[in-house]
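Single-structure report; data block below.
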Amino acid sequence: MPIKEQPKSPRFRIIANILLAVSGLFLLLNLFLPGLFASGPTGVPYSLFIHQVQEGEVSRVSVGQNQIIYQLKTENAEPPQVFATTPIFDLELPKLLEQKGVEFAATPPPKNTWFTTLLSWVIPPLIFIGIWQFFLARGAGGGPQGALSIGKSKAKVYVEGESAKITFADVAGVEEAKTELVEIVDFLKTPARFTQIGARIPKGVLLVGPPGTGKTLLAKAVAGEAGVPFFSISGSEFVELFVGVGSSRVRDLFEQAKKQAPCIVFIDELDAIGKSRSSNGFYGGNDEREQTLNQLLTEMDGFAAGDATVIVLAATNRPESLDSALLRPGRFDRQVLVDRPDLSGREAILKIHAQKVKLGDDVDLRAIATRTPGFAGADLANLVNEAALLAARNMRERVAQEDFAEAIERVVAGLEKKSRVMNETEKKIVAYHEVGHAMVGALTTGNGRVEKISIIPRGMAALGYTLQLPTEDRFLMNEEELRGQIATLLGGRSAEEVVFNSITTGASNDLQRATDLAERMVTAYGMSKVLGPLAYQQGQQSMFLGNGGGNPRRAVSEDTSKAIDNEVKEIVETAHEQALEILRQNRDLLEAIATQLLETEVIEGEKLHSLLGQIKPLAKTTADSVAS
Ligand code: ADP
Ligand code: MG
Ligand code: ZN
């Protein structure tokens, strides 16, 4: 397959193009040569030629494939006149010539010298090579692949030195991800530094995040920064019509990659092949996908440390659906979150894309960023383009702020169908809700440290989120910690109650989780004094019952069932009271943090810790009621 002979440097491509040009020129010359040589004799119609033969005026004829050249009889010693005509397929001609006693021969045309013969042998291969190189060069630039690659890996190769080299400077708003990937660049640039002290270079890095947040862009930037070839293929391209094509494509892809190492293999939409094998349920597996996945696992295990440095980057927006075998050490053991950008991130992304258009003086990118919460990088790129189109339609020379305003409306209208974009009131409710989680979480045990609060919509389910990182690995939890977790889950709804004195639908997932947890405390962990240390829950969930309806209980009497319900309710109610109490006693802080959050959309790290550190612990009485 030609891609492995892919020239590394653009110099080769220039030579290829010169070859193409030269062979084209020869081809043209070759076409016109006969014309050039034929300009000697005077052209006459065939009918005239036949007439002259019949009249006996012709002395000699040379019959060629495309041309008949003949001389007329000359009475005096003048130089003979030469004429040419285009022959018609005429079997009678030799007979006629013989009759008239004309001297004739089927000579090859005089232009056919050794030189032209040579050319006709040399030019076609040259042209072929030229075209081949041309398509390769286009393929390398990300253009359509030639038909030469059927059945082989369809990976597009971006080679170092491409004119449009992407670097980290082209990506904004995803600082954490960038920091992580800088390390990958180091691995690729100086692998020796790591292998020398025996460190294993990571093989696989999984970029996780919603669509349009710049995962593909980041992968290209890694290749651009490291100056290595970049093989890009989409997971869905592996899984095609024919069984076995997928796995052979994987094999081929890695074969090529190893030859070009160090390099990056980028697999977009990894979930298309990497879906959990167990999730196929009763319907049997998708054999083709499974084979492809297995081949991928084999290949990733295949190249050992010290081998060629091939780093596999992959992107997905559904990490939870991936087969766990893919996430094991030695495969995609690193996961990098590429989340939707916050306010300042959006401003930075707008700045990058605004460079490509002419901006008016009144354009305020910060203001635009403020109005576009929930926009991913691709949406912002689209926004800038949309604004430029509007400006052009309005016959403006430069993009004005009002173009952006109109463009936002258009893009939002489009996005509202796909995902959610919150209005101001919703944003406010979500802010208080999330701060509620964070504050209760900070004051109760059993939760990890609250690391981040965000009101940037994320994924399909949540409008905002509060990120808690466990301080240590926990395998055992005591009752107080579980109660703390339940209170934290109810913190969001409680904040809505405290501040707005009303409840929205936003907390339903929280309530579900809190109730499940409370139920497990009672039915599985034996934490209820009333019911005692009995397991009321059936050991294994049956595969046939599905998992929609909570935990199946063992057969219990009606009284017990009632008692379980009461206990669960009691636990949740107590936690709810606790959460409400915490928030009421820290009402001012709740306001302060929520206001701050509405402004910046994300609060994290030190800033968050110092804010949450100001929470006043609960008065004695409530703490007692919790412990009981
Ligand atoms: P993903 O692969 O995550 O779905 P892409 O990387 O394909 O998203 O992003 C599509 C386009 O959106 C990019 O080519 C770029 O123009 C723009 N874009 C997305 N994220 C960013 C970002 N963080 N910074 C700058 N531009 C971005
Ligand atoms: Mg992508
Ligand atoms: Zn919540």
Side-chain angles (χ1 to χ4, degrees), residues 142 156 164 166-178 181 206-222 224 232-236 266-272 313-318 336-342 344-356 369 375-385 411 418 429-441 450 453-455 457-458 461-468 485-497 503-514 579:
K156 300 180 189 84
I166 292 168
T167 65
F168 282 142
D170 298 311
V171 195
V174 282
E175 296 310 319
E176 300 93 357
K178 257 158 88 174
L181 292 172
L206 187 60
L207 302 169
V208 180
T213 46
K215 298 181 292 297
T216 310
L217 195 64
L218 271 170
K220 282 185 196 165
V222 170
S232 159
I233 191 160
S234 170
S236 55
F266 178 61
I267 305 176
D268 215 345
E269 301 170 49
L270 181 66
D271 37 281
L313 292 181
T316 180
N317 45 18
R318 277 173 295 165
V336 175
L337 180 66
V338 188
D339 213 343
R340 291 207 172 92
D342 61 4
S344 52
R346 289 199 299 274
E347 190 183 354
I349 295 174
L350 282 170
K351 219 172 257 167
I352 289 176
H353 290 285
Q355 281 167 6
K356 294 167 200 156
F375 274 44
D379 303 326
L380 293 168
N382 183 19
L383 173 68
V384 173
N385 189 48
V411 176
K418 279 188 282 172
I429 294 173
V430 172
Y432 280 98
H433 178 106
E434 296 304 330
V435 175
H437 282 307
M439 287 177 66
V440 177
V450 182
I453 323 177
S454 156
I455 52 169
R458 180 193 190 210
L463 295 173
Y465 63 98
T466 304
L467 180 73
Q468 297 174 328
Q485 281 196 348
I486 295 173
T488 306
L489 284 168
L490 294 168
R493 174 201 159 103
S494 303
E496 291 182 38
E497 283 174 75
I503 314 157
T504 62
T505 53
S508 68
N509 184 41
D510 297 338
L511 300 188
Q512 179 75 50
R513 282 166 62 197

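Only this structure's heavy atoms are used, side chains among them; waters, hydrogens and symmetry mates stay out. Please read these numbers as outputs of a predicted model, since none were measured by experiment. Every number for a ligand or one of its atoms is a count from 1 in the order of the listing.
Side-chain atoms of K178 do not come within 3.5 Å of backbone N or O of A169 as any donor-acceptor pair.
Around the Zn ion (ligand 3), the angle linking H433 (NE2) with D510 (OD2) is 100°, rounded to 10 degrees.
Scanning L217, D268, D379 for the heavy atom closest to atom 27 (C) of ligand 1 points to L217. In this structure, of A169, G214, G212, A172, the residue bringing a heavy atom nearest to atom 4 (O) of ligand 1 is G212.
When heavy-atom distances to ligand 1 are checked against a 4.0 Å cut-off, I349 comes that close only through its side chain, counted from C-beta outward.
Among protein heavy atoms, atom 10 (C) of ligand 1 sits closest to A378 CB, 3.9 Å. The shortest contact between atom 26 (N) of ligand 1 and any protein heavy atom is with H353 NE2, 2.9 Å. Looking from atom 2 (O) of ligand 1 to the surrounding protein, the closest heavy atom is T216 OG1, 2.6 Å. Of the protein's non-hydrogen atoms, G377 CA, 3.7 Å is the one closest to atom 21 (C) of ligand 1.
Residue-ligand proximity: D170 is placed with a non-hydrogen atom under 4.0 Å from ligand 1. For K220, the heavy-atom gap to ligand 1 stays at 4.0 angstrom or more.
Contact record, L217 with D170: CD2-O, 3.8 Å, taken as the closest heavy-atom pair. When all heavy atoms of T213 and A376 are compared, the pair lying nearest together is CG2-CB, 3.9 Å. Across F266 and A219, no two heavy atoms sit closer than the pair CD1-CB, 3.5 Å. Closest of all the heavy-atom pairs between A514 and I486 is CB-CG2, 3.9 Å.
Residue L383 holds its CG atom at 6.5 Å from CG of L350, rounded to the nearest 0.5 Å. In this structure, R493 CZ and I503 CD1 are separated by 3.5 Å, a value rounded to the nearest 0.5 Å.
Less than 4.0 angstrom separates some heavy atom of P211 from each of these atoms of ligand 1: 4 (O).
Side chains of D268 and T216: a donor-acceptor N/O pair is present below 3.5 angstrom, by distance only.
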